[in-house]
Number of protein chains: 2
Amino acid sequence: MSQHRHPGAPGRAGAVPALPDLPEATVARLPEYLRALHNLAETGNETISSEGLANAAGVNSAKLRKDLSHLGSYGTRGVGYDVTLLIEQIEYVLGLTQRRAVALVGVGNLGHALAGYDGFAGRGFRIAALLDADPARVGEEINGLVVQHVEELPRVAAEESIAIGVIATPAAAAQRVADQLVAVGVTSILNFAPCVLSVPDGVDVRKVDLAIELQILSFHEHRKASLTALPAAGGSALTALPGGLAVTESQEAIGT
Amino acid sequence: MSQHRHPGAPGRAGAVPALPDLPEATVARLPEYLRALHNLAETGNETISSEGLANAAGVNSAKLRKDLSHLGSYGTRGVGYDVTLLIEQIEYVLGLTQRRAVALVGVGNLGHALAGYDGFAGRGFRIAALLDADPARVGEEINGLVVQHVEELPRVAAEESIAIGVIATPAAAAQRVADQLVAVGVTSILNFAPCVLSVPDGVDVRKVDLAIELQILSFHEHRKASLTALPAAGGSALTALPGGLAVTESQEAIGT
DNA sequence: AGGCGCTTGTGAACACGTGCACAAATCGCG
DNA sequence: CGCGATTTGTGCACGTGTTCACAAGCGCCT
């Protein structure tokens, strides 16, 4: 039914949607656009200009247009983009038209938080299973799901057709878990453990390391401190100990 | 005091360290190298070749050498890098020689996990304060810290000389918190809320959005599925409405 | 109907990041 | 003491991503 109405099918004649292989940088921004679009839709906007959407997503408008053009975009010159249509477009490309099942391995500190994070359900994902290697944690109920032993993974994967695995274990256990996930057919892994995973070709791994993010910020702090210290030429010792420069430019922030 | 002994001071004559402004991509990898180096140090390695370290960090060895060369690196040809020295170098550049104080705002689901995350303490950071806008949460003790009301931020910032703010609030509150952080002199923010923050120039914001990571993975899943589906040339309708294609190609992953 | 203003889509220049391949440097050994 | 094995540091070519600037297209207003 109504292939033409469905967001997925590009306007072209061809039958096969054949995802254009988007630049990786573009893919990484699409979710951001999607979130901004959902906000706009909720506030009653029917169309949005590239400029407006770019602002909402925090990017350059030319970049946004180029990104959207990659997916054969459906903007109208002089008007902008149809918000609903664009949402459907992007959700199709990102493969969010089906709700993907996620298995979360490692129900420790972070795992608990992830299990309870409502941002997943709202954005196309369903946590289908919680797993842990620690028998003491098996049986615990979190957010309506019961923690199962990680050895149950093959059965769970078969039942739920798991698409994505999330690793929230300590670093020492992560590689082993990754191997187990791969063994049951998972081809996408989100790794929160601070370590490098080796996986076969065809398996995608994305890594999130909270400490790394902080360290990057630390670098910029360090750099800013060394720069502001230079003109004064005063103390290199001070560079290491920024007491409280503070408030001066805070007003600038408010102008939204 | 002891500028010369400090790892930071490059061997050159000059007094001012004057951080070379590294390529952003390099900065983002340095923490990874640092982690790998700490592992190596623990397992008793005194030196490491670029090849070895590159493997441990999951990057190309040429890239690693170029990265290290940017910070005026201290490798020895024919031998490799002195692990301890390199650790000191990188820690200096990243500004980790001083332990930076972090204020965490938003002690909900995720905030709890972050507050308890031991990866911070081990890597140069100290959570100096927990803050929340919800009076019901104020007073709660997490990991030895008592949650304070977010209005206490100015006092806390003055006492602890907060360098970095972490926002783990709902999206609706994030901009307001960011403004407050900026107002007390914080110039680096790690934002977990799914929204764009606007901050004045000179303030760095890094964003971590768990759902976005999953959506990127989802795209690749979708793409992989559409590729394996193509040879079959079966149904475009099916591609657009993937009712339950699922598992078919799962075996492919196993071939290491 | 026609013109005008606005917005998209994109060609082209530019900046940035990556990877190869090799010369220069260092160590260990005979 | 000199030679060969090894490994760093880097010049260069390439690919990717970003930004500008503008022609083409669309709707609205007169």
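Lettering of chains follows the sequences in order, A, B, ..., and the numbering in each one begins at 1.
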Considering only nitrogen or oxygen atoms on both sides, find all protein atoms under 3.5 Å from nucleotides 12-16 of chain C and state each distance.
unit_1, atom_1, unit_2, atom_2, d
C/dA12, N6, A/Lys66, NZ, 3.0

Worksheet item: Can A/Arg35 and A/Glu32 be counted as an ion pair, charged N to O under 4.0 angstrom?
Response: yes

Discussion item. Could you tell me how far apart A/Tyr81 (OH) and C/dC6 (P) are, to the nearest whole angstrom?
Written reply: 18 Å

Worksheet item: Does atom CZ of A/Arg99 have more than 12 heavy-atom neighbours, drawn from other residues, nucleotides or ligands, at distances under 6.0 Å?
Response: yes

Item to complete: Ignoring hydrogens and angles, tell me if any N or O in the side chain of A/Asn45 forms a donor-acceptor pair with the backbone of A/Leu40 under 3.5 Å.
Response: yes

Worksheet item: Reckon B/Asn60 has a side-chain N or O less than 4.0 Å from the OP1 or OP2 of C/dG17?
Response: no

Practice prompt. Kindly say whether A/Gly52 contributes a backbone atom to a donor-acceptor pair with the side chain of A/Ser49 at under 3.5 angstrom?
Written response: yes

Item to complete: Round to a whole Å and report the spacing from CG of A/Leu68 to C1' of C/dT10.
Response: 13 Å

Worksheet item: Does the side chain of B/Thr47 pick up a donor-acceptor pair with the side chain of B/Asp82 at under 3.5 Å?
Response: no

Worksheet item: Start at the 5' end of DNA chain D and walk down; is the nucleotide closest to A/Thr26 or to B/Ser49 reached first?
Response: B/Ser49

Practice prompt. At the 4.0 Å heavy-atom cut-off to chain A, mark where contacts on DNA chain D begin and end, going 5' to 3'.
Written response: D/dG17 to D/dG27

Fill in: Gap between atoms CG and C1', on A/Leu86 and C/dT7 respectively (whole Å)
15 Å

Worksheet item: Name the one of B/Leu30, B/Asp204, B/Leu94, B/Leu96 that satisfies side chain to side chain contact (heavy atoms under 4.5 Å, CB included) with A/Phe219?
Response: B/Leu94

Worksheet item: Do B/Thr84 and B/Glu46 get their side chains close enough for a donor-acceptor pair, meaning under 3.5 Å?
Response: no

Worksheet item: Out of C/dT18, C/dC27, C/dG9, which has the shortest distance to the side chain of B/Arg29?
Response: C/dT18

Worksheet entry | Along DNA chain D (nearest heavy atom to each residue), the more 5'-positioned of B/Ser50 and A/Arg65 | B/Ser50

Practice prompt. Check the side chains of A/Glu91 and A/Thr97 for a donor-acceptor pair under 3.5 angstrom, ignoring hydrogens and angles.
Written response: no

